Structure formats: C-alpha cells, structure tokens
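Shown next, in structure tokens, is the structure this report addresses.
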Amino acid sequence: QVQVVESGGGLVQPGGSLRVACAASGSIASIYAMGWYRQAPGKQRELVATITEGGNTKYADSVKGRFTLSRDNAKNTVYLQMNSLKPEDTAVYYCTAEIVALTTKLLSNYWGQGTQVTVSS
C-alpha cells in the first residue's frame, strides 16, 4: 500500500518562514513527480509547486521567489520551504505524487491528507 503523508504545518506570522514535508512510503517502484497544492477557505485547490524525477521545478506565479521545493530521494521525501509568508498563503497544503506501485505497475496519482498552514499576526 502506497501512502503520502504531509507534516510541518502550523501558525506563522506574516513575513515568517515555514517548512512542510511530504513523505511517500509503501511498495513503490518509482516516483515520477511530487508536488504541492493548496486550498484556501472557500476557494478551489490550486497548484503551488512541482518537482520531477529529474529535478525540474515549477512554481505558481504567486509563490515564485518565496517558496523552494527540494527532494531527499533516499527518503522519498520532498520539502517545501516557504519564506516571506503572506496571509493569502493561508490554506491546507496537500502533497501529491505520481507513483508506480510495485503491486500495480501502473502510474497513479496519490494524495496526502493535508497540513494546515496559517499566516496571521
């Protein structure tokens, strides 16, 4: 069974920093890409950042220059370093991963449960 779990959310003041992590575990053959989405109250889920197996990153315009996505391949983990946080960054942050499971040998998208990030003074 493949699982994706987020951690590291919390409360931070505007201008502050926070790092959230996403770890994939289970019977994994390969991970093609991992990324973060977020959903603010009353709004649709939106893309924040993605990273491919080759290390290519993409960011939403709203977070460029402030957020950085990195990987620890040995731990099947990605980290989203969030700097210069703004109140509008407040949302539940969801991790997603494109994974080929050993059991299915089929590329599927997996989602974590989400972690709350609140930016407020």
Side-chain angles (χ1 to χ4, degrees):
Q1 195 86 336
V2 174
Q3 295 184 51
V4 176
V5 180
E6 304 97 334
S7 63
L11 175 65
V12 63
Q13 293 185 347
S17 298
L18 200 65
R19 189 180 75 161
V20 291
C22 173
S25 62
S27 300
I28 297 171
S30 60
I31 301 176
Y32 281 77
M34 297 183 73
W36 289 90
Y37 286 72
R38 66 186 182 186
Q39 188 165 23
K43 292 182 168 55
Q44 294 189 102
R45 189 173 298 185
E46 65 174 353
L47 174 69
V48 177
T50 59
I51 187 166
T52 67
E53 188 177 24
N56 298 116
T57 55
K58 290 186 177 181
Y59 300 91
D61 289 340
S62 59
V63 306
K64 285 181 180 177
R66 300 189 297 119
F67 290 11
T68 303
L69 195 60
S70 61
R71 305 177 303 174
D72 184 341
N73 290 333
K75 297 181 178 180
N76 287 333
T77 300
V78 295
Y79 303 91
L80 184 66
Q81 179 66 46
M82 301 180 288
N83 298 325
S84 301
L85 283 162
K86 305 173 181 179
E88 51 262 45
D89 294 318
T90 296
V92 177
Y93 283 70
Y94 295 92
C95 180
T96 186
E98 292 186 330
I99 295 173
V100 175
L102 287 169
T103 53
T104 65
K105 301 184 71 174
L106 179 68
L107 182 65
S108 298
N109 189 249
Y110 295 83
W111 290 87
Q113 296 296 314
T115 185
Q116 177 71 48
V117 173
T118 302
V119 185
S120 177
S121 59

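Counting begins at 1 with the first residue of the sequence. All figures in this text were calculated on a predicted structure; none of them were measured in a lab.
- Counting non-hydrogen atoms of neighbouring residues, nucleotides and ligands closer than 6.0 angstrom, the CD atom of Gln44 reaches no more than 12 such neighbours.
- Rounded to the nearest 0.5 Å, atoms CD1 (Ile28) and CD (Gln3) are 10.0 Å apart.
- Screening residues 51-92 for disulfide (SG to SG under 2.5 Å), with sequence neighbours left out, gives no hits.
- Residues Arg71 and Ile51 meet the side-chain proximity criterion, which asks for heavy atoms closer than 4.5 Å.
- The minimum heavy-atom distance between Val4 and Ala97, with the atom names listed, is CG2-CB, 4.3 Å.
- Under the 4.5 Å side-chain criterion, counting only non-hydrogen atoms from C-beta, Asp72 is in contact with Tyr79.
- Ion pairing of Asp61 with Lys64 is present here, as a side-chain N (NZ or NE/NH1/NH2) and a carboxylate O approach within less than 4.0 Å.
- Side chains of Val20 and Val117 form a contact here, defined as non-hydrogen atoms less than 4.5 Å apart.
- Here the straight-line distance linking atom CD1 of Ile99 with atom OG of Ser27 works out to 11.0 Å at 0.5 Å rounding.
- In this structure, the separation between CD1 on Ile31 and OG1 on Thr52 is 12.5 Å, given to the nearest 0.5 Å.
- Considering only residues two or more places apart in sequence or on other chains, Glu46 meets the side chain to side chain donor-acceptor pair (under 3.5 Å) condition with Arg38.
- A distance-only check finds a donor-acceptor pair linking the side chain of Glu6 to the backbone of Gly114 [under 3.5 Å].
- Annotation for Tyr94 and Gly112: closest pair CD2-O, 3.8 Å, computed over non-hydrogen atoms.
- Contact between Cys95 and Val78 at its shortest, heavy atoms only, is SG-CG2, 4.5 Å.
- Residues Leu11 and Tyr93 fall into different hydrophobic clusters, defined by Ile, Leu, Val, Met, Phe, Trp and Tyr side chains chained together at heavy-atom separations under 4.5 Å.
- Taking the ring axis of Tyr37 as reference, the NZ or CZ atom of Arg45 does not stay both within 45° of it and closer than 6.0 Å to the ring centre.
- If you take CZ on Phe67 and CE on Met82, they are separated by 5.5 Å, rounding to the nearest 0.5 Å.
- Contact between Ser120 and Pro14 at its shortest, heavy atoms only, is C-CD, 3.6 Å.
- Separating the OG1 atom in Thr68 from the CG atom in Asn83 is a distance of 6.5 Å, to the nearest 0.5 Å.
- Counting heavy atoms from C-beta on, the side chains of Gln81 and Ser17 come closer than 4.5 Å.
- Checked by atom type and distance alone, the side chain of Thr77 pairs as donor or acceptor with a backbone atom of Lys75 at under 3.5 Å.
- Asn76 has its side chain out of reach of Ser25: every pair of non-hydrogen atoms, C-beta onward, lies at least 4.5 Å apart.
- Thr96 places a side-chain N or O within 3.5 Å of a backbone atom of Tyr110 that can act as its donor or acceptor partner.
- By the criterion of side-chain heavy atoms lying less than 4.5 angstrom apart, applied directly or through intervening Ile, Leu, Val, Met, Phe, Trp or Tyr residues, Val2 is not grouped with Val5; the two fall into different hydrophobic clusters.
- Here the closest heavy-atom approach between residue Gly10 and residue Leu18 is recorded as N-CD2, 3.7 Å.
- In terms of heavy atoms, Leu69 sits closest to Thr57 at O-CG2, 4.1 Å.
- Separation of atoms CE (Met34) and CD (Glu53) is listed at 12.0 Å; rounding is to 0.5 Å.
- Under a 3.5 Å cut-off, the side chain of Thr90 and the backbone N or O of Thr118 do not form any donor-acceptor pair.
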